[in-house]
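Counting starts at 1 for both ligands and their atoms, in listed order. Because only heavy atoms are used, hydrogens play no part in the values below, and waters and symmetry mates are left out as well, while side chains stay in. Note that the structure is a prediction, hence the values are computed from the model and not measured.
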Amino acid sequence: MNILFLGPPGSGKGTQAQNLSSYLKIPTLSSGDILRKECDSGSQLGKEIQIIMNKGDLVSDDLIVLLIEKFLIKNDSNGFILDGFPRNINQANILDSMLIKIEKSIEKVFNFEVDDEILVKRILGRYSCKECGSIYNNYFKPTVNSGVCDKCGSTNFESRKDDNEESLKNRLSVYHKSTFPLVEFYQKKHLLISIDGLKSSSLIFEELKKHFKL
Ligand code: ADP
């Protein structure tokens with residue numbers, strides 16, 4: 001089963017990609033995560049990527065395609081979930097050609113729908129525990145005891161460098177301009193399944209599971 005997750009930043013697709021990945025026992029590739037890993041490595045390329053990500057712009061199609069291609073070629077499991085790629089029509093066309101080469105195809109595309117107003121609160125309020133990675137939100141899900149992680153008790157928290165007002169504004173505008181057209185692209189291929197991203201995380205996961213017979 002080869003799956004794509006589409007949706008604006010903060011729509012919850014990353015969380016659900018992880019949930020579904022464990023449920024279906026297939027790997028998830030998050031384009032944002034592989035780019036962040038490159039940034040953390042301290043390489044020259046990482047430094048260049050960080051500048052682009054901080055602004056909320058997209059990195060070049062050539063670069064992201066190269067990274068995704070590496071993953072697709074070496075992936076030998078029974079499927080995959082792509083989260084954050086493709087992000088524009090050019091990337092989607094390149095993905096189609098890559099998949100033809102390796103004799104695979106996308107079977108389902110889940111599109112997470114959430115209004116911009118909610119996305120802003122979700123993203124600007126989001127922070128995570130530096131020790132165990134648990135995710136919290138100032139508006140929707142603060143820690144039970146202020147400043148202490150519910151799960152591991154740590155008092156060290158962090159926010160993503162691009163989760164600030166200016167970068168977010170740009171990420172949302174890039175989403176509407178470049179990524180949203182993919183909804184129609186996959187609709188025309190009869191692959192699109194809409195998900196109401198406003199529902200609770202557990203309800204969304206239940207809904208996703210219904211699309212798979214295990
Ligand atoms: P979000 O969806 O919350 O913005 P991601 O982790 O998916 O977060 O992406 C973070 C950043 O990584 C994007 O703003 C962009 O700079 C870069 N990025 C991720 N995926 C792609 C892609 N497919 N093409 C180009 N840039 C990408």
Side-chain angles (χ1 to χ4, degrees), residues 3-18 20-21 27-41 43 45-72 80-99 106 109-128 133 135-137 140 158-183 185-186 195 197 201 204:
I3 302 163
L4 286 190
F5 274 16
L6 278 185
S11 57
K13 59 189 163 50
T15 307
Q16 297 301 342
Q18 280 175 9
L20 200 61
S21 173
T28 291
L29 184 71
S30 152
S31 52
D33 284 351
I34 46 173
L35 291 170
R36 276 185 285 277
K37 226 182 256 167
E38 189 65 45
C39 296
D40 291 345
S41 78
S43 69
L45 176 65
K47 282 180 192 145
E48 287 163 26
I49 293 174
Q50 187 74 70
I51 294 170
I52 299 169
M53 286 177 84
N54 285 355
K55 283 196 280 190
D57 286 330
L58 294 184
V59 305
S60 78
D61 290 350
D62 289 349
L63 171 65
I64 194 73
V65 162
L66 202 80
L67 296 170
I68 301 285
E69 194 168 27
K70 259 195 214 163
F71 164 84
L72 287 178
F80 55 79
I81 301 174
L82 290 182
D83 164 20
F85 178 90
R87 234 175 172 93
N88 59 34
I89 299 280
N90 184 43
Q91 292 182 9
N93 283 322
I94 296 174
L95 175 64
D96 278 352
S97 330
M98 281 196 289
L99 290 174
I106 297 297
V109 178
F110 291 101
N111 181 42
F112 288 71
E113 297 175 336
V114 181
D115 297 337
D116 280 14
E117 205 182 301
I118 304 282
L119 295 173
V120 170
K121 279 193 169 174
R122 279 194 182 173
I123 291 188
L124 297 183
R126 152 167 102 177
Y127 60 98
S128 60
I135 298 170
Y136 299 99
N137 190 292
F140 305 111
E158 62 185 351
S159 297
R160 256 171 58 175
K161 289 195 184 80
D162 57 348
D163 279 353
N164 59 70
E165 218 160 331
E166 205 174 318
S167 161
L168 175 60
K169 236 167 112 185
N170 192 34
R171 276 153 70 200
L172 287 175
S173 108
V174 168
Y175 167 78
H176 288 293
K177 195 167 139 252
S178 307
T179 312
F180 186 73
L182 290 176
V183 171
F185 182 92
Y186 288 111
I195 298 290
S201 189
I204 294 176

Could you check whether the rings of Phe5 and Phe112 sit parallel, tilted or perpendicular, using 30° and 60° as the cut-offs?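 Aromatic pair Phe5/Phe112 classed tilted.
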Report yes if some N/O of Asp33 lies less than 3.5 Å from some N/O of ligand 1; otherwise report no.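 Looking only at distances, the answer is no, because the N/O contact criterion of under 3.5 Å is not met.
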Gly84 versus ligand 1: do any nitrogen or oxygen atoms come within less than 3.5 Å of each other?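 For ligand 1, there is an N or O atom that lies under 3.5 Å from one belonging to Gly84.
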Report the part of [X] in contact with ligand 1, treating N, CA, C, O as backbone and CB onward as side chain, heavy atoms under 4.0 Å; options are side chain, backbone, both, neither.
{"X": "Ile64", "value": "side chain"}
{"X": "Lys55", "value": "neither"}
{"X": "Lys161", "value": "neither"}
{"X": "Asp57", "value": "backbone"}
{"X": "Arg171", "value": "side chain"}

Name the closest protein heavy atom to [atom], giving the residue it belongs to and the distance to 0.1 Å.
{"atom": "atom 8 (O) of ligand 1", "value": "Arg160 NH2, 3.0 Å"}
{"atom": "atom 11 (C) of ligand 1", "value": "Met53 CE, 3.6 Å"}
{"atom": "atom 17 (C) of ligand 1", "value": "Leu35 CD1, 3.4 Å"}
{"atom": "atom 20 (N) of ligand 1", "value": "Ser31 OG, 2.7 Å"}
{"atom": "atom 9 (O) of ligand 1", "value": "Arg87 NH2, 3.3 Å"}

Quick one, Phe140 and Lys121 - any side-chain contact, counting heavy atoms below 4.5 Å?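 Phe140 vs Lys121: side chains touch.
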Would a 4.5 Å heavy-atom cut-off, applied to side chains only, mark Ile64 and Phe85 as touching?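 Answer yes - side chains close enough.
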Does the side chain of Asn54 pick up a donor-acceptor pair with the side chain of Asp162 at under 3.5 Å?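 No, no side-chain donor-acceptor pair sits under 3.5 Å.
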Examine the side chains of Thr28 and Gln18 and answer whether a donor and an acceptor come within less than 3.5 Å of each other.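 No donor-acceptor contact under 3.5 Å links the two side chains.
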Under 3.5 Å, side chain of Ser11 to main-chain N/O of Pro8, donor-acceptor pair present?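 Yes, Ser11 side chain to Pro8 backbone: donor-acceptor pair under 3.5 Å.
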Donor-acceptor contact present, side-chain Arg122 to main-chain Gly10, <3.5 Å: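 A pair under 3.5 Å: yes.
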Just jot down the ligand 1 atoms closer than 4.0 angstrom to any heavy atom of [X], in number order.
{"X": "Lys13", "result": "2 (O)"}
{"X": "Gln91", "result": "22 (C), 23 (N), 24 (N), 25 (C)"}
{"X": "Val59", "result": "25 (C), 26 (N)"}
{"X": "Pro9", "result": "1 (P), 2 (O), 3 (O), 4 (O)"}
{"X": "Arg36", "result": "6 (O), 10 (C)"}

When you check the gap from the basic side-chain N to the acidic O, do Asp40 and Lys37 get nearer than 4.0 Å?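 No salt bridge links Asp40 with Lys37.
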Does this structure show an ion pair linking Asp116 with Lys169, if we count only N-O contacts that are shorter than 4.0 Å?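 Here Asp116 does not pair with Lys169 in a salt bridge, since their nearest N and O are not under 4.0 Å apart.
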Could you give the distance from CG (Leu95) to CG (Leu72), rounded to the nearest 0.5 Å?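 It is 6.5 Å, given to the nearest 0.5 Å.
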Rounded to the nearest 0.5 Å, how far apart are CD of Glu38 and CD of Glu48?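 Result: 10.0 Å between the selected atoms.
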